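If you're wondering where the values come from, they're calculated on a predicted model, not measured in any experiment. Letters A, B, ... mirror the listed sequences (proteins, then strands); counts begin at 1. Both backbone and side-chain heavy atoms feed into the values below; hydrogens, waters and symmetry mates do not.
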2 protein chains.
Amino acid sequence: MARPRKPLLSRERIIEAASALVDSEGLGAVSTRRLAAELGVSGPSLYNHFRNKDEILDAVADSVSAQVDLSMFDESDPRDWAAALHDWAVSYRAALAAHPHIVPVLAQGPGRRPAGLRVADAAFGGMVRAGWPPAQATYIGALTRYFVTGSALGSFARGFVDDETAYDPADYPHLGQAHLLAEHRQQVDEGAFETGLRALLDGLALQYERMVTGSGTVRRTPNRG
Amino acid sequence: MARPRKPLLSRERIIEAASALVDSEGLGAVSTRRLAAELGVSGPSLYNHFRNKDEILDAVADSVSAQVDLSMFDESDPRDWAAALHDWAVSYRAALAAHPHIVPVLAQGPGRRPAGLRVADAAFGGMVRAGWPPAQATYIGALTRYFVTGSALGSFARGFVDDETAYDPADYPHLGQAHLLAEHRQQVDEGAFETGLRALLDGLALQYERMVTGSGTVRRTPNRG
DNA sequence: ACCTGAACACCGTTCAAGT
DNA sequence: ACCTGAACACCGTTCAAGT
């Protein structure tokens with residue numbers, strides 16, 4: 001068979017297959033030949049639909065960005081920026097943590113990826129509408145992405161081996177329980193994410209208060225500092 | 001030449017060469033053959049010193065962890081945990097941001113890498129000494145690592161292309177200035193990191209206050225809600 | 001012990017050839 | 001337009017052979 005009447009491939013089918021492969025076996029398992037085999041075609045066929053392998057992985061990353069909920073930015077009262085930021089971070093992390101192996105690609109930034117750009121646009125717009133100056137709104141988008149991608153990139157708990165003899169107390173006096181982290185993976189990772197997100201939001205609320213009161217529009221009296 | 005009197009290679013020389021290659025051309029440029037060529041030997045020679053390529057990259061990652069300053073945890077007054085945490089995060093980020101291409105490897109966690117474990121041990125120990133319960137101390141180590149690795153993994157600013165026509169206002173109403181981010185890369189990335197770190201520390205200080213006052217050991221009166 | 005070349009089973013990508 | 005096999009320049013790793 002040279003060329004079939006109906007195309008055997010489409011960008012969508014390729015992205016789906018690549019995504020499944022990335023999720024199940026990691027980035028290292030994605031080769032154009034392997035991917036083509038999963039799709040029942042020969043390796044070079046992919047090049048009719050994507051310029052190269054990187055473009056395929058970019059598309060997989062963008063399909064993950066497309067799963068991030070952004071509704072909190074257009075539905076909410078702009079004064080509820082902290083609640084919107086919270087919900088965004090939770091949704092953002094859920095989307096990425098479901099596909100951790102693609103996070104290094106995604107973390108390179110949106111570039112020209114449409115879904116990634118929609119995420120950045122919505123978050124920045126939401127913060128500006130809430131009254132944050134553009135520079136601060138940019139920082140908030142960036143720092144939230146830092147925290148979310150960092151938390152999705154690698155499980156903290158799984159970063160320690162499940163081997164009681166691995167962490168010699170003579171070398172690491174405080175890691176006596178570290179080998180237990182793996183068993184409590186979900187609790188540790190979620191606890192750390194929630195604790196960090198709560199701290200970020202509380203800290204940003206303080207900055208927001210200082211900004212608002214400092215600029216003359218006093219909403220309430222400062223209670224710190 | 002089969003075997004020279006003095007070994008041509010050592011783990012240290014291999015790590016140095018691999019590190020230089022990762023820094024200059026990225027993870028993708030590191031192949032065992034290329035690395036061996038840079039060292040003036042044939043490809044398989046590396047296998048006398050490392051079990052496989054992954055072990056070489058692990059060693060490169062650990063050499064970066066070894067550059068993280070940890071002195072703030074043993075020198076400081078434990079009550080200055082927030083100052084120590086700040087200084088640690090800054091040093092941690094500086095080490096990683098100097099070698100961004102290895103961050104995905106490093107972010108997989110310390111595993112059995114000695115320098116990575118020393119980092120985790122020192123931070124956890126510092127927080128426990130300051131009075132944080134073990135679970136919270138674990139969260140703080142984890143969330144700080146999330147934020148730092150996320151910020152070092154990819155420049156936020158460089159994630160946008162430097163092309164005025166790239167971001168159509170019809171699609172992305174708030175990204176009209178996004179193409180300018182690249183020029184202000186350093187300011188944006190540092191501003192976001194500092195803003196986020198400040199917010200994290202302020203937020204954690206609130207949690208610490210609540211914990212201390214809630215447990216009966218009142219250090220000072222709460223001044224928030 | 002530490003290096004070598006040969007060999008194996010892979011890669012990403014190009015390209016002429018087929019329909 | 002869309003697929004194929006052949007081909008090119010690569011990979012990581014093993015292994016027997018050399019000193």
Show your reasoning for whether salt bridge (charged side-chain N to carboxylate O under 4.0 Å, His left out) applies to A:Glu194 and A:Arg198.
CA-CA 6 Å; A:Glu194 281 165 22; A:Arg198 178 49 48 206; over 6 Å; no
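Considering only side-chain N and O atoms, A:His49 lies under 4.0 angstrom from the phosphate OP1 or OP2 of D:dC3. Neither OP1 nor OP2 of D:dC3 sits under 4.0 Å from any side-chain N or O of A:Ser42. A sub-4.0 Å separation between OP1 or OP2 of C:dT13 and a side-chain N or O of A:Thr32 is absent.
Separating the OG atom in A:Ser10 from the CD atom in A:Glu16 is a distance of 7.5 Å, to the nearest 0.5 Å. Residue B:Asn52 holds its CG atom at 9.0 Å from CG of B:Leu57, rounded to the nearest 0.5 Å.
Counting to the nearest Å, the C1' atom of C:dT4 and the CG atom of B:Leu39 are 16 Å from each other. Rounded to whole angstrom, the span from the CG atom of B:Asn48 across to the P atom of C:dT4 amounts to 9 Å. In this structure, A:Leu8 places its CG atom 8 Å from C1' of D:dC2, rounding to the nearest Å. Atoms CG (B:Leu46) and P (D:dC11) sit 12 Å apart, rounded to a whole Å. Rounded to an integer number of Å, the gap from CZ of B:Arg34 to C1' of D:dT13 is 20 Å. A straight line from CG of B:Asn52 to C1' of D:dC11 spans 14 Å, rounded to a whole angstrom. Between the C1' atom of C:dC2 and the CZ atom of B:Arg13 lies a distance of 14 Å, rounded to the nearest Å. The nearest whole Å value for the distance from the CG atom in A:Leu35 to the P atom in C:dG12 is 9 Å.
The partner of C:dA1, taking Watson-Crick or G-U wobble pairs whose two distances both stay under 3.5 Å, is D:dT19. Nucleotide C:dT13 forms a pair with D:dA7, judged by Watson-Crick or G-U wobble geometry with both contacts under 3.5 Å.
Nearest nucleotide to the B:Lys53 side chain, out of D:dT4, C:dT4, D:dG12: D:dG12. Comparing D:dT13, D:dT4, C:dC3 by their closest approach to the side chain of B:Pro44 singles out D:dT13.
With hydrogens and angles left out, the side-chain atoms of B:His99 and B:Asp23 include a donor and acceptor closer than 3.5 Å.
Separation of the B:Phe193 and B:Phe147 ring centroids falls under the 6.0 Å cut-off.
At the heavy-atom level, B:Ser31 lies under 4.0 Å from the strands shown only through sugar-phosphate atoms.
Nearest-nucleotide positions on DNA chain D place A:Val41 closer to the 5' end than the other of A:Arg33 and A:Val41.
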